[in-house]
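Given the structure is predicted, the values throughout are model-derived calculations rather than measurements. Residue numbers begin at 1 in each chain, while the letters A, B, ... track the order of the sequences.
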Protein chains: 2
Amino acid sequence: MLSFTEENYLKAIFKLSEKTDGPISTNAIAHEMNTAAASVTDMVKRLAKNDFILYERYKGVFLSKQGDIIARKLIRKHRLWEVFLFDKLNFTWDEVHDIAEQLEHIQSEELVDRMDKYLGSPKFDPHGDPIPNKNGQFAIREQDPLSELVLKDKGIIVGVREHSKAFLQYLEQCNLVLGTHVAVLEIFDYDGSIKIKINHKIEQIITQKVANNLFIIKEE
Amino acid sequence: MLSFTEENYLKAIFKLSEKTDGPISTNAIAHEMNTAAASVTDMVKRLAKNDFILYERYKGVFLSKQGDIIARKLIRKHRLWEVFLFDKLNFTWDEVHDIAEQLEHIQSEELVDRMDKYLGSPKFDPHGDPIPNKNGQFAIREQDPLSELVLKDKGIIVGVREHSKAFLQYLEQCNLVLGTHVAVLEIFDYDGSIKIKINHKIEQIITQKVANNLFIIKEE
DNA sequence: ACATATTTTTAGATTCGTCTAAAAATATGT
DNA sequence: ACATATTTTTAGACGAATCTAAAAATATGT
């Protein structure tokens, strides 16, 4: 059975693989995990020896089929626990991550299955990230960054790109939470900021950075 | 912060202290934790150095105030998680222990408090064991082993002394679960076995051993 | 009370996950 | 294309948690 640490390495490699084509570098993993590169070298050797990853010296690593399956299971567990914490225990979306980070390592297939059912088999977590199904497959949906909408476009906020506490707390304060309706009233060429109407009521200007980190499902 | 292992040692010492007066021996801990006595010696030195226990060479250990608080928190978490698994996810009472053994190490005071509230602040877990409150205090109630009841006594099963899977599964099969009504119909001097009426319907003979491991709240 | 048995500790080793510092390999810029 | 910068690996060390085997302390029985 894998240790917490080994699981976290696989998860980190999975995450990096989503953003990058080709092998994942030692340095990238070290950065993602806040460890020294030398520690990563040691660990990837172990993971490679046990066929969780494919590793070539000085080249980087890929997840093996086995490693990929484990990483997806971890993400499934993490996101299901986030839904539990958010839906059932009323934690805010900026609080759920740290606790889920611990809970994702609980070992029990049965627990995951029952949790999934108990929560109504959710397809997305409190940040709008897709929850892998039992086979590791992610749901996909048509969504665009708010920054790509044009004048008079409108829709519902369904996810965030950035997950920092600061960003999530900012959104909470502006009522820009999941499920919120937004309409583009004005786009300022000067700095890319956007005036939007929130839930058909309040008007507000948000920066391009904020807009780029909000995912919208267009309406009409 | 304490490691999982250190937490488990404190919990083991707490459990042993409940059954025994005086210091807890190295051997007793080793037996409880399925480790070598030498490992225990090493660990108790560390725990003593950090003031979680009081340790005297060749004498044994006591929990310190601090260690006692931590142990009670662990038990609180363990039993609350058991209630969650049993009440909300419909695990059976022989399945909940192993998963709760992992969940008890999740670090978040807030999570424990919310869980407690979510579950309706239960005072007893699915085996009838008391759940410490936020201050570490156990609820107490008048209960007797079924083996101490006399003819015509009756009452409700509220707990078990033994927690083995085999015993719990046996009880499940006989419908001798928590909340079941039992009445003593006959006591056989020969081997101490008892004929009982289960839920005013079925009559059954159970061994003295079984009777001794069932806790009853008397009725009338 | 002394020999024997038991318990506990010490000594020395192992594995995991980490580190720093130095060496080796690879990438880059003019 | 060569010097320089960057990345990666190796080497050596450390702390946590474990083990086995042997030594030391304590307990027990006749």
Starting from [atom2] on [N], measure out to [atom1] on [X] and report it in whole angstrom.
X: B/F52; N: D/dA16; atom1: CZ; atom2: P; answer: 13 Å
X: A/E56; N: D/dT8; atom1: CD; atom2: P; answer: 14 Å
X: B/Y55; N: C/dT9; atom1: OH; atom2: P; answer: 3 Å
X: B/K45; N: C/dT8; atom1: NZ; atom2: P; answer: 14 Å
X: A/H31; N: D/dT7; atom1: NE2; atom2: C1'; answer: 15 Å
X: A/I29; N: C/dT18; atom1: CD1; atom2: P; answer: 12 Å
X: B/F4; N: C/dC16; atom1: CZ; atom2: C1'; answer: 16 Å
X: B/N34; N: D/dT18; atom1: CG; atom2: C1'; answer: 13 Å

Dot-bracket for DNA chain D, please. Rules: Watson-Crick or G-U, both distances under 3.5 Å, ( ) within the strand, [ ] when a pair crosses earlier ones, | for another strand, . otherwise.
||||||||||||||||||||||||||||||
What class does the angle between the rings of B/F84 and B/W81 fall in, given that below 30° is parallel, 30 to 60° is tilted and above 60° is perpendicular?
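Ring orientation of B/F84 relative to B/W81: perpendicular.
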What contact category does B/T5 fall into here, base, sugar-phosphate, or nothing, at under 4.0 angstrom with non-hydrogen atoms?
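Sugar-phosphate: the residue B/T5, judged by heavy atoms under 4.0 Å, touches backbone atoms but no base.
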Considering every strand and a 4.0 Å limit on heavy-atom distances, what is the contact class for A/Y9: base, sugar-phosphate, or nothing?
sugar-phosphate
Under 3.5 Å, N/O pairs linking protein and nucleotides 25-28 of chain D:
{"from": "D/dA25", "atom 1": "O4'", "to": "B/Y58", "atom 2": "OH", "distance (Å)": "3.4"}

Considering only [options], which nucleotide approaches the side chain of [X] most closely?
X: B/N27; options: C/dT18, C/dT10, C/dT7; result: C/dT7
X: B/S25; options: D/dT18, C/dT8, C/dC19; result: C/dT8
X: A/T26; options: C/dT18, C/dT9, D/dT9; result: D/dT9

Under 4.0 Å between a Lys/Arg side-chain N and an Asp/Glu carboxylate O for A/E148 and A/K218?
no
Hey, is [atom1] on [X] packed in by over 12 heavy atoms from elsewhere, all under 6.0 Å?
X: B/E18; atom1: CD; answer: yes
X: B/K11; atom1: NZ; answer: yes
X: A/H163; atom1: NE2; answer: yes

Think A/R161 forms a cation-pi with A/F215, using NZ or CZ under 6.0 Å from the six-ring centre and within 45 degrees of its axis?
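No - A/R161 does not lie over the ring of A/F215 by the 6.0 Å and 45° rule.
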With side chains defined as the heavy atoms from C-beta onward, is the minimum distance between B/H127 and B/L168 less than 4.5 Å?
yes
Less than 4.5 Å apart, side chain to side chain, heavy atoms only: is that true for A/L74 and A/F14?
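The answer is no; the side chains never approach within 4.5 Å.
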Examine D/dC19: is either OP1 or OP2 under 4.0 Å from a nitrogen or oxygen in the side chain of B/S39? Give yes or no.
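Result: yes.
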Looking only at side-chain N and O atoms, does A/T41 come under 4.0 Å of OP1 or OP2 in D/dT9?
yes
After noting the C-alpha distance and the side-chain angles of A/Q102 and B/H105, does the key distance pass the side chain to side chain donor-acceptor pair (under 3.5 Å) rule?
CA-CA 9 Å; A/Q102 299 179 60; B/H105 298 291; over 6 Å; no
Please figure out whether A/A37 or B/V40 has its closest DNA chain C nucleotide nearer the 5' end.
B/V40
Which residue, B/L47, B/I24, B/D68, forms the side chain to side chain contact (heavy atoms under 4.5 Å, CB included) with B/I53?
B/L47
